[in-house]
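Written below as structure tokens is the structure these notes are about.
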Amino acid sequence: MKNIAVIGAGTMGNGIAHVFAQNGFQVHLIDVSKEALDKGLSTISKNLDRMVAKEKINVADKERTLSNITLFTELKAGVTNVELAIEAATENVTVKLSIFKELDSFCSENTILASNTSSISITQIAAATNRPEKVIGMHFMNPVPIMTLVEIINGYSTTSATTSTIMELSKQLGKTPTEVNDYPGFVANRILMPMINEAIETLHHGVAGVQEIDTVMKLGMAHPMGPLQLADFIGLDVCLSILNVMHDGFKNPKYAPSPLLVNMVMAGKKGIKSGEGFYDYADSRKAEIVSSQFTN
């Protein structure tokens, strides 16, 4: 397997394209927006520059990686002759089902179709295709070039041959693949999102402030990042979407998103991506200044 398509040039998509290209794969990075493609390639270039500065790679490695990436705005052209297509579009089930219907139509019958979804059912996605046995989840962690875990999610019809292929492929990227089954939130977010949600509820009920909650979890539980800072990093809109998927899937009130989270997303306070969430990122992407809405 040498030819890979990545659909979506956003944070996750360009990160996935980066790691495949850096490991010698020919990558077709696809997005309907030329602007998004240019931004995604620029992000990859800047991340490679950081690696050069840290002497993890040299300039020739950087240029080789970039030369392995080809940009496409047309899905059909971008997935021609690829052996694996990885969807990394927005966490919206309607969008994903539409993409997979097209992928099934455009790709070779032997092409494996993967989704980077963090919560949406692989079985549901696979049902939009005529090859459910070749549909699988590849949930990379953000930032993709740094984080080693890949959550490999089997749908109801995913064959062991498909799983083995993707597990081995993930190892070729220097990642640690972990096989899980298809339930809302899988493993990572089924455990992580209730913790983040509970931290938001703790803030909402006035138990402690933003920095205090994060400090307790960082120093008391040895977490590298507090839950509120992590929520900002992930994107509060993404956290809300995942919680809604789990709440809908399990019908269990423990997954119901905090009203504070709902209101912040409606107000456009989505974390780093919007410049403000639980922290203010106007001057720095580091979580150093608590948002004014939580300091009054």
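Computed over heavy atoms, backbone and side chain alike; hydrogens, waters and symmetry mates excluded. FYI, the numbering just counts along the sequence from 1.
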Quiz item: Quick check: are there more than 12 heavy atoms from other residues, nucleotides or ligands sitting under 6.0 Å from CZ of Phe294?
Solution: yes
Practice problem: Look only at the side chain of Ser164 and the backbone of Ala161, and say whether a donor-acceptor pair between them is shorter than 3.5 Å. | Solution: no
Quiz item: Taking the side chain as C-beta and beyond, is there a heavy-atom pair between Leu84 and Met138 under 4.5 Å?
Solution: yes
Self-check item: Student check: side-chain heavy atoms of Val144 and Met12 closer than 4.5 Å
Solution: yes
Quiz item: Do the non-hydrogen side-chain atoms of Lys62 and Ser45 ever get within less than 4.5 Å of each other?
Solution: yes
Exercise. Go through the steps for Tyr279 and Lys286 under the test side chain to side chain contact (heavy atoms under 4.5 Å, CB included), then give the verdict.
Key: CA-CA 9 Å; Tyr279 293 87; Lys286 296 180 180 180; over 6 Å; no
Practice problem: Answer yes or no: is there a side-chain heavy-atom contact under 4.5 Å between Leu192 and Ile242? | Solution: no
Quiz item: Are Asn14 and Leu41 close enough, and set up right, to give a side chain to side chain contact (heavy atoms under 4.5 Å, CB included), and what steps lead you there?
Solution: CA-CA 7 Å; Asn14 71 60; Leu41 191 63; over 6 Å; no
Self-check item: Lys/Arg N to Asp/Glu carboxylate O, Asp104 vs Lys101, below 4.0 Å
Solution: no
Quiz item: Is it the case that one hydrophobic cluster holds both Ile112 and Ile122, taking links as side-chain heavy atoms less than 4.5 Å apart, direct or via other members?
Solution: no
Self-check item: Candidate pair Phe278 and Asp214, rule side chain to side chain contact (heavy atoms under 4.5 Å, CB included), full reasoning
Solution: CA-CA 11 Å; Phe278 295 104; Asp214 279 350; over 6 Å; no
Quiz item: With the 4.5 Å side-chain cut-off for hydrophobic clustering, are Leu103 and Ile30 part of the same group?
Solution: yes
Practice problem: Can you sort out the partners of Thr163 under side chain to side chain donor-acceptor pair (under 3.5 Å), two or more places apart, ordered by chain and number? | Solution: Asn154
Quiz item: Can you hop from Phe186 to Phe140 via hydrophobic side chains spaced under 4.5 Å?
Solution: no
Quiz item: Between the side chains of Asp182 and Thr123, does any donor sit under 3.5 Å from an acceptor?
Solution: yes
Self-check item: Ser292 side chain reached by Asp280 side chain, heavy atoms, under 4.5 Å
Solution: no
Self-check item: Side-chain heavy atoms of Ile234 within contact of Asn142, under 4.5 Å
Solution: no
Exercise. Could you tell me whether Glu212 atom CD has more than 12 heavy atoms of other residues or ligands within 6.0 Å of it?
Key: yes
Practice problem: Check whether more than 12 heavy atoms from other residues, nucleotides or ligands sit under 6.0 Å from atom NZ of Lys2, and answer yes or no. | Solution: yes
Exercise. Sort and list the pairs that fulfil ring pair (Phe, Tyr, Trp, His ring centres under 6.0 Å) and have at least one residue in residues 44-74, not counting sequence neighbours.
Key: His28-Phe72
Practice problem: Might you confirm whether atom NZ of Lys39 has over 12 heavy atoms from other residues, nucleotides or ligands at distances under 6.0 Å? | Solution: no
Quiz item: Can you hop from Leu71 to Ile4 via hydrophobic side chains spaced under 4.5 Å?
Solution: yes
Quiz item: For Thr65 and Gln22, does a side-chain donor sit closer than 3.5 Å to a side-chain acceptor?
Solution: no
Quiz prompt | Pair Ile86-Phe20, side chain to side chain contact (heavy atoms under 4.5 Å, CB included): steps then yes or no | solution = CA-CA 11 Å; Ile86 305 173; Phe20 272 101; 3.5 Å; yes
Exercise. Please indicate whether Phe106 has more than 12 foreign heavy atoms, meaning atoms of other residues, nucleotides or ligands, lying under 6.0 Å from its CZ.
Key: yes
Exercise. Is it possible for you to say whether Val290 and Met264 belong to one hydrophobic cluster, with membership spreading through side-chain heavy-atom contacts below 4.5 Å?
Key: yes
Quiz item: Under 4.5 Å between any side-chain heavy atoms of Ser291 and Lys269, yes or no?
Solution: no
Exercise. Return yes when atom CG of Asp38 has more than 12 non-hydrogen atoms of other residues, nucleotides or ligands closer than 6.0 Å, and no otherwise.
Key: yes
Exercise. Taking the side chain as every heavy atom from C-beta outward, state whether His18 and Met51 have any atom pair closer than 4.5 Å.
Key: yes
Practice problem: Please go through Met141's hydrophobic cluster and name the other residues, only I, L, V, M, F, W, Y counting, with side-chain heavy atoms under 4.5 Å joining them. | Solution: Met147, Leu149
